Amino acid sequence: MTMTMEAFEEFLRSQGVDDALLAEVKAFREEYPREMEDRIGTLNYKFYGGEVWTQAILALLEGAHLLLSGPKATGKNVLCENLSFLFGRPQWTVSLNMT
């Protein structure tokens, strides 16, 4: 799915993400130039869940790391791709399977 940042921000507003928080994300994107464009997430799917969005954005803006754990097919990868797109930052996948 090809989506503009403006359309994505409107989607986040519809999920209950505050405009002030989105303004802080925009300031973050302007402070850190995009690098490694091929590693920035693409939006194949949108992550739904305003409370999770708000908590994740707040944590990242504070410089914290996120640990997403849970059963398969709960949206962990989708959230990561969406956050990468929103913040304009590259992403890497690290598997911590115990096999």
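Hydrogens, waters and symmetry mates are skipped; everything else that's a heavy atom, side chains included, is used. All values derive from a computational prediction rather than experimental measurement. If you read the sequence from its start, that first residue is 1, and numbering goes on from there.
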Just list the side-chain donor-acceptor pairs under 3.5 Å for residues 57-72, sequence neighbours left out, or say none.
none

Next on the checklist: Holding to side-chain hydrogen bond (donor to acceptor under 3.5 Å, both in side chains), I want the full list of residues that pass it with T74, two or more places apart in sequence or in another chain.
Outcome noted: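 Expected list: K76.
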Checklist entry - Which residues satisfy the ring pair (Phe, Tyr, Trp, His ring centres under 6.0 Å) test with F28, sequence neighbours excluded? => result Y32, F87
Checklist outcome for this item: Closest non-hydrogen contact found for V78 with F47 is CG1-N, 3.8 Å
Checklist entry - According to a 4.5 Å side-chain heavy-atom criterion applied to Ile, Leu, Val, Met, Phe, Trp and Tyr, with indirect links allowed, do L43 and L12 form part of one hydrophobic cluster? => result yes
Next on the checklist: Show me the pairs that pass side chain to side chain donor-acceptor pair (under 3.5 Å) and involve residues 78-90, at least two apart or across chains.
Outcome noted: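 Counting only pairs at least two positions apart or across chains, the side chain to side chain donor-acceptor pair (under 3.5 Å) contacts touching residues 78-90 are E35-R89.
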Next on the checklist: Can you tell me how far apart NZ (K46) and CZ (F85) are? Round to the nearest 0.5 Å.
Outcome noted: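 Between atom NZ of K46 and atom CZ of F85 there are 11.0 Å.
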Would you list the atom pairs, donor with acceptor, under 3.5 Å between side chains in residues 15-22 and any protein atom, with sequence neighbours excluded?
unit_1: Q15; atom_1: OE1; unit_2: G49; atom_2: N; d: 2.8
unit_1: D18; atom_1: OD2; unit_2: A20; atom_2: N; d: 3.0
unit_1: D19; atom_1: OD1; unit_2: R13; atom_2: NE; d: 2.4

Checklist entry - Is any side-chain heavy atom of F11 less than 4.5 Å from a side-chain heavy atom of Y48? => result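 With C-beta onward as the side chain, the pair touches.
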Next on the checklist: Quick check: do W53 and L86 have side-chain heavy atoms less than 4.5 Å from each other?
Outcome noted: yes
Next on the checklist: Can you list everything that forms a side-chain contact (heavy atoms from CB on, under 4.5 Å) with R39? Sequence neighbours excluded, please.
Outcome noted: M36, P90, W92
Next on the checklist: If you apply the rule salt bridge (Lys or Arg N to Asp or Glu O under 4.0 Å), what do you find for K26 with E6, and how did you get there?
Outcome noted: CA-CA 11 Å; K26 185 175 183 178; E6 293 79 21; over 6 Å; no
